[in-house]
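A note on names: the letters A, B, ... follow the listed sequences, proteins ahead of strands, and every chain is numbered from 1. In this text the structure is predicted, and so the values were computed from the model without any measurement.
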There are 2 protein chains.
Amino acid sequence: MTRVLVVDDSPQIVATLRLNLKARQYDVQVAADGGQALTQAADWHPDLVILDLGLPDLDGVDVIRGLRGWSEAPIIVLSGRTGSKDKVDALDAGADDYVTKPFGVDELLARIRAITRRAPADESPPTVQLGPYRIDLARKAVTGAAGTTVHLTPTEWGIIELLVRNPGKLISQRRLLTEVWGPLYLKETHYLRVYLASLRRKLEADPSRPRHLITEPGMGYRFEP
Amino acid sequence: MTRVLVVDDSPQIVATLRLNLKARQYDVQVAADGGQALTQAADWHPDLVILDLGLPDLDGVDVIRGLRGWSEAPIIVLSGRTGSKDKVDALDAGADDYVTKPFGVDELLARIRAITRRAPADESPPTVQLGPYRIDLARKAVTGAAGTTVHLTPTEWGIIELLVRNPGKLISQRRLLTEVWGPLYLKETHYLRVYLASLRRKLEADPSRPRHLITEPGMGYRFEP
DNA sequence: GAACGGCGCTAAGAAGCCGTCAAGACGACC
DNA sequence: GGTCGTCTTGACGGCTTCTTAGCGCCGTTC
């Protein structure tokens with residue numbers, strides 16, 4: 001779960017952001033001024049910081065520099081100031097993006113996705129542990145305990161990727177079918193049964209009693225880390 | 001020296017960008033439409049792409065997707081469209097930033113610095129061991145056990161370079177074809193079969209049972225050290 | 001308790017992909 | 001113009017993967 005630190009002194013913006021981020025499964029904390037921001041960032045190690053420049057105590061650029069002194073977490077600046085110099089200063093101080101107020105929530109969320117895509121969540125590399133197996137999505141490789149490797153077919157990768165990218169979250173049959181086979185295959189739910197069986201045979205210690213690739217009858221499937 | 005590919009059909013914008021980027025020691029190339037952009041990106045391997053969405057031939061989002069099929073170079077979108085949906089679509093397709101026209105050159109340059117700061121120019125190990133052979137990518141030479149040398153053709157080098165630079169990682173057929181032959185050859189997958197056979201004949205102890213140049217059916221190839 | 005729907009499991013045929021060999025086309029260089 | 005190395009094509013057999021069908025199990029519904 002991606003941790004997002006929101007730094008802003010306007011209750012309204014904080015409320016909007018908190019609501020929207022929580023709805024999308026981000027873990028959110030809030031700091032109301034620059035001093036708090038630095039303390040909380042040090043304590044909590046967020047994966048992303050959303051930073052308003054107009055803070056009551058410190059200058060925003062100093063907060064960026066303070067963070068960059070020891071953290072590489074991406075920083076998205078929110079600011080009412082639209083001047084070129086403000087943007088350049090913030091970006092050169094170490095910010096990754098600069099969004100001017102008023103901003104569209106959809107756009108901000110897309111920018112968050114774009115940035116976290118490139119700088120993956122702290123301590124959560126593109127590899128996931130599933131029982132004794134390590135699933136490396138970037139390399140498309142699964143390695144087992146004693147250096148053994150497990151081979152997955154393209155379709156199996158399509159399924160496992162979708163599930164593993166959304167740990168603990170239910171993925172509907174509809175979504176699996178459209179994203180792996182295409183929207184014309186919505187009826188072919190038995191494909192899922194065949195391939196989930198195959199995946200469990202390869203990845204579960206006891207395929208008949210799956211602990212990680214869970215069926216939610218009538219709904220879909222879920223990856224439980 | 002950071003290579004920047006500018007994709008835009010407006011001569012004025014191209015001139016401005018080229019001037020400013022060159023003055024700051026960037027290596028610049030220009031493409032005037034989407035097809036050219038894909039070809040040049042495959043040939044030249046830019047470290048960053050600046051992409052205008054309003055191109056004469058292809059839809060901008062399709063260009064992003066085309067690039068993302070095989071390249072991880074950062075993409076900054078330039079666009080006259082300011083709608084939220086346009087931004088979200090481009091960012092979710094794989095763009096890293098979205099700047100609306102008219103734009104400030106200083107701001108764009110700062111955004112370029114911010115993005116290249118995070119994704120540094122790619123580099124690689126100059127020599128790699130493959131069984132009894134030592135592959136020197138810089139000198140384009142393969143030396144065997146007793147001072148013997150193995151000769152590779154240009155196309156074979158193109159393939160082995162891509163594979164060896166990403167040890168253990170699956171390289172899609174799509175990426176091999178676009179980077180070695182160009183984006184127009186996406187369909188010619190049997191080229192890969194012929195050349196992989198040739199490489200295995202030269203580099204594998206038992207070409208019929210390859211241990212380093214591995215096929216992943218339906219997906220691509222992998223170099224196992 | 002029988003019928004029904006959703007799921008797990010297996011296995012076999014079909015479809016598509018891969019490795020291999022060999023011949024023709026092309027271009028560089030004498 | 002001929003030779004050589006390299007790149008493109010084509011054909012074929014073998015293998016992996018996908019698709020499809022059938023059966024058994026379980027819980028729910030009538």
**Report entry** A/Ile214 CD1 - C/dG8 P separation (whole Å)
**Finding:** 11 Å
Query - Counterpart residues, ring-ring contact (aromatic ring centres under 6.0 Å, His included), relative to B/Tyr195 (two or more places apart) - result: B/Trp181
Report summary line: A/Ile159 atom CD1 is separated from D/dC18 atom C1', nearest whole Å, by 12 Å
Requested in this report: Among residues two or more places apart or on two chains, list those pairs meeting salt bridge (Lys or Arg N to Asp or Glu O under 4.0 Å) that have a residue in residues 185-195 of chain B.
Outcome: none
Query raised in the report: Who are the salt bridge (Lys or Arg N to Asp or Glu O under 4.0 Å) partners of B/Glu161, not counting sequence neighbours?
Result: B/Lys140, B/Arg165
Could you give the side-chain donor-acceptor pairs of residues 89-99 of chain B under 3.5 Å, partners two or more places apart or in another chain?
from, atom 1, to, atom 2, distance (Å)
B/Asp89, OD2, B/Lys85, NZ, 2.8
B/Asp92, OD1, A/Arg113, NE, 2.8
B/Asp92, OD1, A/Arg113, NH2, 3.3
B/Asp92, OD2, A/Arg113, NH2, 2.8
B/Asp96, OD1, A/Arg118, NH2, 3.2
B/Asp96, OD1, B/Arg68, NH2, 3.1
B/Asp96, OD1, B/Ile75, N, 3.0
B/Asp96, OD2, A/Arg118, NE, 2.6
B/Asp96, OD2, A/Arg118, NH2, 3.3
B/Asp97, OD1, A/Arg111, NH1, 2.6
B/Asp97, OD1, B/Arg111, NH1, 3.3
B/Asp97, OD2, B/Arg111, NH1, 2.8
B/Tyr98, OH, B/Ser79, OG, 3.1
B/Tyr98, OH, B/Arg81, O, 2.9

Requested in this report: To the nearest Å, give me how far apart NE2 (A/His190) and P (D/dA21) are.
Outcome: 7 Å
Query - Under 3.5 Å: donor-acceptor pair, side chain of A/Lys202, backbone of A/His151 - result: yes
Query raised in the report: Which angle, rounded to 10°, do you find between the first-five-pair axis and the last-five-pair axis of the helix from C/dG1-D/dC30 to C/dC30-D/dG1?
Result: 30°
**Report entry** Whole-Å distance separating the CG atom of B/Leu192 from the P atom of C/dT20
**Finding:** 14 Å
Using the 3.5 Å cut-off, write out each protein N or O paired with an N or O of nucleotides 25-30 of chain D and the distance between them.
none

For nucleotides 4-7 of chain C, print each protein N/O atom paired with a nucleotide N/O atom at under 3.5 Å, atom names and distance only.
from, atom 1, to, atom 2, distance (Å)
C/dC7, OP1, A/Gln173, NE2, 3.3
C/dC7, OP1, A/Gly218, N, 2.8

**Report entry** Contacts of type ring-ring contact (aromatic ring centres under 6.0 Å, His included), residue A/Tyr133, not counting sequence neighbours
**Finding:** none
Query raised in the report: Is there a side-chain polar atom (N or O) of B/Trp181 under 4.0 Å from OP1 or OP2 of D/dC7?
Result: no
Report task. Take the protein atom CH2 of A/Trp157 and the nucleotide atom C1' of D/dT16, then report the distance between them rounded to whole Å. Result -> 17 Å
Query raised in the report: Between B/Thr153 and D/dC7, does any side-chain N or O lie under 4.0 Å from OP1 or OP2?
Result: yes
Query - Residue-phosphate contact under 4.0 Å: B/Tyr191 side-chain N/O, D/dT9 OP1/OP2 - result: yes
Report summary line: Between B/Pro46 and B/Ala73, the two heavy atoms sitting closest are O-CB, 3.6 Å
Report task. Can you run down the salt bridge (Lys or Arg N to Asp or Glu O under 4.0 Å) pairs that involve residues 214-225 of chain A, sequence neighbours left out, and say none if there aren't any? Result -> A/Glu216-A/Arg222, A/Arg222-A/Glu224
**Report entry** Nearest listed nucleotide, side chain of B/Thr155, among D/dT6, D/dC7, C/dA11
**Finding:** D/dC7
Under 3.5 Å donor-acceptor pairs involving side-chain atoms of residues 25-34 of chain B, not counting sequence neighbours:
from, atom 1, to, atom 2, distance (Å)
B/Asp33, OD1, B/Gly35, N, 3.1
B/Asp33, OD1, B/Gln36, N, 2.8

Report summary line: Comparing nearest nucleotides in DNA chain D, the 5'-proximal residue of the pair A/Pro154, B/Glu188 is B/Glu188
Query raised in the report: Among C/dC9, D/dT6, D/dT17, which is the nearest nucleotide to the side chain of A/His151?
Result: D/dT17
Query raised in the report: How many Å lie between CG on B/Leu152 and C1' on D/dG5, as a whole number?
Result: 14 Å
Query raised in the report: Does A/His212 offer a backbone N or O that forms a donor-acceptor pair with the side chain of A/Glu204 under 3.5 Å?
Result: yes
Report summary line: Considering only heavy side-chain atoms of B/Ala197, the closest of C/dT10, C/dT20, D/dT6 is C/dT20
Requested in this report: Answer yes or no: is there a side-chain heavy-atom contact under 4.5 Å between B/Asp136 and B/Thr143?
Outcome: no
Report task. Ignoring hydrogens and angles, tell me if any N or O in the side chain of B/Ser71 forms a donor-acceptor pair with the backbone of B/Leu67 under 3.5 Å. Result -> no
Query - Integer-rounded Å distance: D/dT20 P and A/Lys187 NZ - result: 14 Å
Query raised in the report: Between B/His45 and B/Arg3, which heavy-atom pair has the shortest distance, and what is it?
Result: O-NH2, 2.8 Å
Requested in this report: Please report, rounded to the nearest Å, how far the P atom of C/dT20 is from the CD atom of B/Glu204.
Outcome: 11 Å
Report task. Let me have a per-nucleotide readout for nucleotides 24-30 of chain C, 5' to 3', with B, S or -, counting only protein heavy atoms under 4.0 Å. Result -> -------
Report task. Can you establish whether the number of heavy atoms outside B/Gln12 located under 6.0 Å from its atom CD is more than 12? Result -> no
Query - Partner set under salt bridge (Lys or Arg N to Asp or Glu O under 4.0 Å) for A/Glu179, not counting sequence neighbours - result: A/Arg175
